[in-house]
Amino acid sequence: NCSDTATVTVIVNSIPTVTASVDSSTICSGTSTNLTATGATTYAWVPTTGLSSSTIANPTATPLTTTTYTVTGTTNGCSDTTSVTVSVNPTPSLTLSSNSPLCDSLTLNFSANFVSGATYNWTGANGFSSTSPSNSITIATVADSGWYYCTITGSNGCGRSDSMLIIVSPTPYAFISSNGATELCLGDSVILTATTGNS
């Protein structure tokens with residue numbers, strides 16, 4: 001009839017309630033948005049692709065495609081998991097072309113590739129502006145030389161910008177001079193000089 005008694009304490013920690021949010025759930029490709037997790041002490045995000053860090057509460061996400069990020073928050077060894085989705089809209093392609101360089105008084109043509117449903121905004125030298133993908137200046141002058149900038153915005157709101165240098169050169173006036181008579185006897189010579197050109 002001998003006995004002994006001992007005690008042990010069992011600590012029950014509560015499971016944290018983890019919530020996740022995103023600053024902008026829809027972004028354009030190549031841009032970023034901020035993720036935020038709350039409710040726990042430490043965090044682990046997956047996948048790690050496109051994240052500035054996978055172990056902080058508020059990483060920056062730059063996914064290449066639509067991605068669902070799952071975060072596990074832990075406090076006192078107990079964990080909770082939740083997720084948030086970032087949708088990625090494609091950015092339209094933009095390629096600029098022109099018939100530059102050209103001489104003045106000729107027609108200058110320049111354009112951007114056509115994207116259905118997109119809007120265009122051009123600015124350039126000599127006060128040029130346009131909302132058309134293709135443009136022409138019928139009688140180009142030297143003042144039309146310079147940088148031309150184009151921004152394309154797709155129907156999904158995503159945009160891209162690019163620029164190109166256009167050169168309009170003055171047409172040289174051809175002139176020939178001689179250092180002597182131009183009516184010669186056989187065997188004589190005269191030096192002819194052309195001016196104002198580069199070649």
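All values below were derived from every heavy atom in this structure, side-chain atoms included, with hydrogens, water molecules and symmetry-related copies excluded.
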For Thr153, side-chain contact (heavy atoms from CB on, under 4.5 Å) partners two or more places apart: Thr119, Thr151

Closest non-hydrogen atom pair between Cys28 and Thr91, with its separation: CB-OG1, 4.0 Å

Working to the nearest 0.5 angstrom, can you tell me the gap between Ile167 CD1 and Ser98 OG? 9.0 Å

Thr62 versus Ser32, closest heavy-atom pair with distance: OG1-OG, 2.6 Å

With sequence neighbours excluded, residues passing side-chain contact (heavy atoms from CB on, under 4.5 Å) with Ser79: Thr72, Thr74

Is any side-chain heavy atom of Asn113 closer than 4.5 Å to one of Ser93? yes

So how far is it from Leu96 CG to Cys150 SG, rounded to the nearest 0.5 Å? 5.5 Å

Donor-acceptor check, side chain of Asp80 to backbone of Val18, threshold 3.5 angstrom: yes or no? yes

Could you grab the distance from atom CE of Met164 to atom OG of Ser97, nearest 0.5 Å is fine? 6.5 Å

Does any non-hydrogen side-chain atom of Thr33 lie less than 4.5 Å from one of Thr31? no

Search all heavy atoms of Pro63 against all heavy atoms of Tyr69 and return the closest pair with its distance. CB-OH, 3.5 Å

Looking only at non-hydrogen atoms, find the nearest pair between Ala112 and Leu94 and report the distance. CB-CD1, 3.7 Å

Sub-3.5 Å donor-acceptor pair from the side chain of Asn13 to the main-chain atoms of Cys78, do we have one? no

Quick check for you: to the nearest 0.5 Å, what is the distance between Phe114 atom CZ and Thr95 atom OG1? 14.5 Å

same_hphob_cluster(Leu165, Tyr149) at 4.5 Å side-chain heavy-atom cutoff: yes

Cluster membership besides Ile191, Ile/Leu/Val/Met/Phe/Trp/Tyr side chains within less than 4.5 angstrom, sorted by chain and number, is none

Heavy-atom donor-acceptor pair, Arg160 side chain to Ile152 backbone, under 3.5 Å: no

Output for pair (Ile166 CD1, Ile137 CD1), nearest 0.5 Å, gives 7.0 Å

Looking only at side chains, do Asp104 and Thr141 share a donor and an acceptor under 3.5 Å apart? no

Going through the checks in order, is the side chain to side chain contact (heavy atoms under 4.5 Å, CB included) test met by Ser105 and Thr171? CA-CA 8 Å; Ser105 300; Thr171 302; 5.6 Å; no

Can you name the closest pair of heavy atoms from Ser145 and Ala125 and give their distance? O-CB, 3.1 Å

Can you find a pair of side-chain heavy atoms, one from Asn58 and one from Asn34, that are under 4.5 Å apart? no

Apply side-chain contact (heavy atoms from CB on, under 4.5 Å) to Pro59 and list each qualifying residue two or more places apart in sequence or on a separate chain. Leu35, Trp45, Leu51, Ser52, Ile56

Any non-hydrogen side-chain atom of Thr85 less than 4.5 Å from a side-chain atom of Thr66? yes

Output all residues satisfying ring pair (Phe, Tyr, Trp, His ring centres under 6.0 Å) with Phe110, sequence neighbours left out; order by chain, then residue number. Trp122, Phe128, Tyr148

Here the side chain to side chain donor-acceptor pair (under 3.5 Å) pairs for residues 123-138, sequence neighbours left out, are Asn109-Ser136, Asn126-Asp144, Ser130-Asn135

Asn179 side chain vs Thr193 backbone, donor-acceptor pair below 3.5 Å: no

Within 6.0 angstrom of Leu184 CG, more than 12 heavy atoms from elsewhere: yes

For Ser169 against Val142, the heavy-atom pair lying closest together: C-CG2, 4.2 Å

Rounding to 0.5 Å, atoms OG1 (Thr65) and CG (Asn89) come to a distance of 12.0 Å

Taking everything shown except Leu106 itself, do over 12 heavy atoms lie less than 6.0 Å from its CG? yes

Among Thr67, Thr68, Ile27, Thr26, exactly one meets side chain to side chain contact (heavy atoms under 4.5 Å, CB included) together with Ser87. Which residue is that? Thr26

Would you say the side chain of Val190 lies within less than 4.5 Å of the side chain of Leu192, judging by non-hydrogen atoms? yes

